[in-house]
Amino acid sequence: MSEAKQREEICMIGESIFARGLTAGSSGNISARIDEGWLMTPTGSSLGRLDPARLSKLDPEGRLISGDAPTKESFLHRVMYEERPATGAVVHLHSTHSVAVSCLAETDPADVLPPITAYYVMRVGRLPLVPYFRPGDLALAEAVRSFAGKHHAVLLANHGPVVAGSNLDAAVNAIEELEETAKLYLLLRGAKTRFLTPAQIRELEA
Ligand SMILES: [Zn+2]
């Protein structure tokens with residue numbers, strides 16, 4: 001896909017995510033790999049009103065080539081590209097239901113959400129909880145790095161999900177599946193629930 005097309009796609013996806021209330025204010029960020037490095041949503045920008053010409057263009061080391069300064073959370077994206085060479089795009093949101101689940105005290109930090117649906121298992125799989133760090137703390141990048149080799153999706157405690165995909169569609173579909181599953185999980189809490197069985201999960205993984 002050409003860089004111009006990638007720019008258009010990032011802005012269209014941002015507008016769609018914002019319009020559906022999947023992230024609010026100037027939160028959330030999207031990036032995509034291009035030949036010269038990657039494109040990134042700028043700091044302080046609303047995903048609902050992105051300008052293709054002003055997206056941050058970064059070289060492979062994360063230095064700004066053109067456009068506005070990148071989001072202060074760009075390091076979350078960079079570690080995904082570094083640890084997962086097949087990554088074509090990364091999305092990070094402060095989506096309400098995923099953030100709510102990231103604040104629950106009694107979840108399994110190795111796998112925060114249960115296997116509720118087949119699509120969740122196929123698009124997200126196991127979801128580790130990354131410990132809380134204050135915004136901008138680079139220790140968060142190293143914490144994400146420690147999971148990124150094995151997981152394309154992680155949930156930052158008291159913060160939100162970060163999801164990598166082979167392209168923009170794959171990353172967006174996976175983070176939306178994660179958000180919907182978090183919503184289902186909260187709806188089902190307290191009710192006796194049939195989750196997928198280990199045999200059903202093995203069948204999907206095969
Ligand atoms: Zn964030």
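In this text, all values refer to a predicted model and were calculated from it rather than measured experimentally.
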Undergrad: L127 and L22: same hydrophobic cluster, using ILVMFWY side-chain contacts below 4.5 Å?
TA: yes
Undergrad: Inspect the surroundings of CZ in F195 and state if more than 12 heavy atoms from other residues, nucleotides or ligands are less than 6.0 Å away.
TA: yes
Undergrad: Any donor and acceptor pair, going by atom type alone, linking the side chain of R84 with main-chain N or O of A148 inside 3.5 Å?
TA: yes
Undergrad: Could you pull out all residues at least two apart from R194 that satisfy side-chain contact (heavy atoms from CB on, under 4.5 Å)?
TA: none
Undergrad: Could you work out, with side-chain contact (heavy atoms from CB on, under 4.5 Å) as the rule, every residue matching K183, not counting sequence neighbours?
TA: H97, E180
Undergrad: For residues L55 and P42, determine if any side-chain heavy atom of one lies less than 4.5 Å from a side-chain heavy atom of the other.
TA: yes
Undergrad: Name all pairs fulfilling the ring pair (Phe, Tyr, Trp, His ring centres under 6.0 Å) condition that reach into residues 154-191, sequence neighbours left out, sorted by first residue then second.
TA: H92-H159, H94-H159
Undergrad: Judged by atom type as modelled, is there a donor-acceptor pair below 3.5 Å linking the side chain of S95 to the main-chain atoms of S98?
TA: no
Undergrad: Does CZ in R54 sit with more than 12 non-hydrogen atoms of other residues, nucleotides or ligands closer than 6.0 Å?
TA: no
Undergrad: Linking I/L/V/M/F/W/Y whenever any side-chain heavy atoms sit under 4.5 Å apart, do I175 and V99 land together?
TA: no
Undergrad: Just jot down the salt bridge (charged side-chain N to carboxylate O under 4.0 Å, His left out) partners of R49, sequence neighbours excluded, or say none.
TA: none
Undergrad: Which residue pairs pass the salt bridge (Lys or Arg N to Asp or Glu O under 4.0 Å) test when at least one of the two sits in residues 111-122, sequence neighbours left out?
TA: D111-R126
Undergrad: Can you confirm whether E3 sits close enough to D35 that some side-chain heavy atom of one is under 4.5 Å from a side-chain heavy atom of the other?
TA: no
Undergrad: Could you pull out all residues at least two apart from E82 that satisfy salt bridge (charged side-chain N to carboxylate O under 4.0 Å, His left out)?
TA: R78, R145
Undergrad: So how far is it from L188 CG to I116 CD1, rounded to the nearest 0.5 Å?
TA: 5.5 Å
Undergrad: Not counting sequence neighbours, which residues clear salt bridge (charged side-chain N to carboxylate O under 4.0 Å, His left out) with D169? List them please.
TA: none
Undergrad: Ignoring hydrogens and angles, tell me if any N or O in the side chain of R123 forms a donor-acceptor pair with the backbone of A174 under 3.5 Å.
TA: no
Undergrad: Y120 and L204: same hydrophobic cluster, using ILVMFWY side-chain contacts below 4.5 Å?
TA: no
Undergrad: Considering non-hydrogen atoms only, spot the tightest contact between S27 and A24 and give its length.
TA: OG-O, 2.7 Å
Undergrad: To the nearest 0.5 angstrom, please state how far the CD atom of E73 sits from the OG atom of S31.
TA: 11.5 Å
Undergrad: When rounded to the nearest 0.5 angstrom, what is the spacing between CG in L113 and CG in L155?
TA: 7.0 Å
Undergrad: For M12, what are the other residues in its hydrophobic cluster, where any two members join if their side-chain heavy atoms are less than 4.5 angstrom apart?
TA: none
Undergrad: What residues, two or more places apart in sequence or in another chain, satisfy side-chain contact (heavy atoms from CB on, under 4.5 Å) together with A199?
TA: T197, R202
Undergrad: Can you find a heavy atom in the side chain of T71 that is under 4.5 Å from one in the side chain of S45?
TA: no
Undergrad: Would you name the heavy atoms of S56 and P70 that are closest together and state the gap between them?
TA: OG-CA, 3.2 Å
Undergrad: Check S102 against G160 and note the closest heavy-atom contact, atom names and distance.
TA: OG-N, 4.4 Å
Undergrad: Under 4.5 Å between side-chain heavy atoms, counting indirect links through other Ile/Leu/Val/Met/Phe/Trp/Tyr residues: same cluster for L184 and V112 or not?
TA: yes
Undergrad: Out of E177, E176, H152, which one pairs with V163 under the side chain to side chain contact (heavy atoms under 4.5 Å, CB included) rule?
TA: H152
Undergrad: Near E203 CD, under 6.0 Å, is it more than 12 heavy atoms from other residues, nucleotides or ligands?
TA: no
Undergrad: What pair of heavy atoms forms the shortest contact from P115 to V121, and how long is it?
TA: CB-CG2, 3.8 Å
Undergrad: Looking at A191, is its backbone amide N or carbonyl O close enough to the side chain of T193 to form a donor-acceptor pair, meaning the two atoms are under 3.5 Å apart?
TA: yes
Undergrad: In the hydrophobic clustering that connects Ile, Leu, Val, Met, Phe, Trp and Tyr at side-chain heavy-atom distances below 4.5 Å, which members other than M40 occupy its cluster, ordered by chain and number?
TA: W38, L58, L64, F75, L76, V79, M80, Y81, V90, V130, F133, L138, L140, V144, F147, V154, L156, V162
Undergrad: Please round to the nearest 0.5 Å and tell me the distance separating atom CG of L104 and atom CG of L186.
TA: 6.5 Å
Undergrad: Taking all atoms of both residues into account, what is the closest heavy-atom pair of A171 and G165, and its distance?
TA: CB-N, 3.7 Å
Undergrad: Verify, without hydrogens or angle tests, whether T41 (side chain) and I30 (backbone) share a donor-acceptor contact under 3.5 angstrom.
TA: yes
Undergrad: Using only atom types and a distance under 3.5 Å, with no angle test, would you say the side chain of S66 pairs donor to acceptor with the backbone of K57?
TA: no
Undergrad: Taking all non-hydrogen atoms of both residues, which atom of E83 and which atom of P85 are closest, and how far apart?
TA: O-CD, 3.5 Å
Undergrad: Holding to ring-ring contact (aromatic ring centres under 6.0 Å, His included), I want the full list of residues that pass it with H151, two or more places apart in sequence or in another chain.
TA: none
Undergrad: Tell me whether E15 contacts the main-chain N or O of G48 through its side chain, where contact means a donor paired with an acceptor under 3.5 Å.
TA: no
Undergrad: Has the side chain of Q6 got a donor or acceptor atom that lies under 3.5 Å from a matching backbone atom of R33?
TA: yes
Undergrad: Among all residues two or more places apart in sequence or in another chain, which pass the side-chain contact (heavy atoms from CB on, under 4.5 Å) test with F18?
TA: S46, L47
Undergrad: Measuring from atom CG of D137 to atom OH of Y132, what distance do you get when rounded to the nearest 0.5 angstrom?
TA: 9.0 Å
Undergrad: To the closest 0.5 Å, what do you measure between OG1 (T117) and CG (L196)?
TA: 7.0 Å
